[in-house]
> 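One structure is given below, represented as structure tokens, and several questions about it will come after.
Counting convention: from 1, in listed order, for ligands and their atoms alike. Computed from a predicted structure; not experimentally measured. When reading the values below, keep in mind they use all heavy atoms of this one structure, side chains included, and skip hydrogens, waters and symmetry mates.
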Amino acid sequence: MIIKRNDLKRLVEDLIGQGKRVIAPIMRMGLVEYGEIGSFDDITWDYINPRNSFKEFLFPQTEAIARYRIGKKDVELEGVIPELRETIVLGSRPCDAASTASLRSVFTWGAEEDPSRFRDDFYLMREGVTTVMTIACLKGDEDCFCTTVGLTPESPEGSDILLKETVRGNFAVTPVTERGKAFVEEWRDYITDEREDLKEIEYPEVLEGIDTGKIGARLSDVDVFDDPVWQEVARKCIGCGACTFSCPTCHCFDIVDEATGYEGERRKNWDACQFEYFTLHASGHNPRDTQFKRWRNRFLCKFHIYPTKFTSTGCVGCGRCIRVCPVALDIREVMEWLSR
Ligand code: SF4
Ligand code: SF4
């Protein structure tokens, strides 16, 4: 099936006209990022991968989860139901789409086997109204390494619909999930049964010397915890948290009360294991009191804890942590050391 570019434009304008939220790559202050568009013409088509991942539209940087008022005798507590708008993410990349499995793993941890377990309804409600329309990458940049972590520039995982560019500048449409099939059915008038040749897709090279299986095995060995190499490899890290905030699979948050003396909101805010106070206990003890311990945690989380507890991966090879790091720390070098 093919959707011609003009028909994609009509589709997007119709979705916006119906009050739906369309998220797509846009240019802002010289950088491409995922953002809400007001028109098809806002979309930037010349991009490798946006600066941010689209996780912030499923798991906002900050949100109220309860409100309260303290009276003379009691406390009034009021739950918050998030404002939901049907959302279409157009132009997601396959690595970002694949990362939603990792977010879902955490926000539904154990609930599939035992429905009494906690489920984060804030995340799940947003995910339930979101359709992910991924566009396969034609090429990566020097920091992309999806093929080294088991994905490809045309992986369908996590997408509802996968689009691939054709040589005529249109898109081949493949519905992936039931949601994707229903979406294609709903907008079938804009989609034809024609066939067109696809543009060639250039796969990033699989990095030699990196083996995620060996990384996981090495990290499960308790001796690695005290390996002095951690201090060496993390020496430059300034604990800014940019790698974790920009990572599509990182999901940590903190819950704080923002209040006056008598009333306030309980808010869920993004947090990062790279911050000094992330694990600070009320007693004053901090089990990760130096930066290398916080850095080590990032690797344990992504390559040992995630694959052991869940079926999803903690790294989709998007390369953002490499692009944003102000001191040029490169996750691939540590992956290579651990594989070795
Ligand atoms: S660890 Fe780095 S490369 Fe891997 S998914 Fe996160 S930001 Fe992307
Ligand atoms: S972006 Fe770089 S400097 Fe900042 S916390 Fe991550 S590894 Fe450390």
> Is it true that the side chains of Thr152 and Ser155 contain a donor and an acceptor less than 3.5 Å apart?
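Checked: Thr152/Ser155 side chains pair up, N/O donor to acceptor below 3.5 Å.
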> Hey, is Ile238 one of the residues with a heavy atom under 4.0 angstrom from ligand 2?
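Yes, Ile238 has a heavy atom closer than 4.0 Å to ligand 2.
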> I'd like to know if Asp189 and Arg10 make a salt bridge, using a cut-off of under 4.0 Å between side-chain N and carboxylate O.
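Answer for the salt bridge query: no.
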> State, yes or no, whether a side-chain contact exists between Asp41 and Lys9 at a heavy-atom distance under 4.5 Å.
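Yes, side chains in contact.
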> So, Trp230 versus Phe225, ring centres under 6.0 angstrom or not?
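Between Trp230 and Phe225, the centre distance exceeds or equals 6.0 Å.
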> Just jot down the ligand 1 atoms closer than 4.0 angstrom to any heavy atom of Gly319, in number order.
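Going through ligand 1 atom by atom, the ones under 4.0 Å from Gly319 are 3 (S), 8 (Fe).
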> May I ask you to list the atoms of ligand 2 that are less than 4.0 angstrom from any heavy atom of Cys240?
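Close to Cys240: 1 (S), 3 (S), 4 (Fe), 5 (S).
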> Taking NZ, NE, NH1 and NH2 as the nitrogens, is one of them in Arg28 or Asp42 under 4.0 Å from a carboxylate oxygen of the other?
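Looking at Arg28 and Asp42, the cut-off is not met.
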> Which residue and atom name correspond to the protein heavy atom nearest atom 6 (Fe) of ligand 1, and how close is it?
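Of every protein heavy atom, Cys247 SG, 2.4 Å lies nearest to atom 6 (Fe) of ligand 1.
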> For ligand 1, which atoms have a heavy atom of Cys321 less than 4.0 angstrom away?
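Under 4.0 Å from Cys321, ligand 1 has these atoms: 1 (S), 2 (Fe), 3 (S), 7 (S).
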> Measuring from atom 4 (Fe) of ligand 1, which candidate in Ser246, Cys318, Cys315, Pro248 has the nearest non-hydrogen atom?
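Of the listed residues, Cys315 has the closest heavy atom.
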> Within ligand 1, which atoms have a heavy atom of Ile331 less than 4.0 Å away?
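Contacts of ligand 1 toward Ile331, numbered from 1: 1 (S).
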> Is it true that the side chains of Thr192 and Lys4 contain a donor and an acceptor less than 3.5 Å apart?
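Side chains of Thr192 and Lys4: no pair found under 3.5 Å.
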> Taking only heavy atoms of Trp295 into account, list the atoms of ligand 2 that are under 4.0 Å away from them.
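What qualifies from ligand 2 is 7 (S).
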> Please confirm if an N, O or S atom belonging to Cys237, backbone or side chain, lies less than 2.8 Å from atom 8 (Fe) of ligand 2.
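Coordinating: yes.
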> Can you sort out which atoms of ligand 2 are near Leu329, meaning under 4.0 Å from one of its heavy atoms?
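Per the distance check, 7 (S).
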> Apply side-chain hydrogen bond (donor to acceptor under 3.5 Å, both in side chains) to Arg340 and list each qualifying residue two or more places apart in sequence or on a separate chain.
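By the side-chain hydrogen bond (donor to acceptor under 3.5 Å, both in side chains) rule, Arg340 matches no residue at all.
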> Taking 4.0 angstrom as the limit and counting only heavy atoms of Cys325, give me the atoms of ligand 2 inside it, by number and element.
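Reading through ligand 2 atom by atom, the close ones are 1 (S), 2 (Fe), 3 (S), 7 (S).
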> Gln274 and Gln291: side-chain donor and acceptor closer than 3.5 Å?
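Side-chain D/A pair, Gln274 to Gln291: present.
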> Which atoms of ligand 1 sit under 4.0 Å from any heavy atom of Val316?
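Under 4.0 Å from Val316, ligand 1 has these atoms: 4 (Fe), 5 (S).
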> Which of the numbered atoms in ligand 1 are under 4.0 angstrom from any heavy atom belonging to Phe145?
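This gives 3 (S) as the contact atoms.
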> As an exercise, identify every atom of ligand 2 less than 4.0 angstrom from a heavy atom of Val327.
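The list of qualifying atoms is 3 (S).
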> Suppose I only count heavy atoms of Gly239 and a 4.0 Å limit; which atoms of ligand 2 are within that range?
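The list of qualifying atoms is 5 (S), 8 (Fe).
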> Do the ring centers of Tyr34 and Tyr47 come within less than 6.0 Å of each other?
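Aromatic pair excluded; centres sit 6.0 Å or further apart.
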> Could you tell me whether Lys199 and Glu165 have a side-chain N and a carboxylate O separated by less than 4.0 Å?
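Between Glu165 and Lys199 there is a salt bridge, with a charged N closer than 4.0 Å to a carboxylate O.
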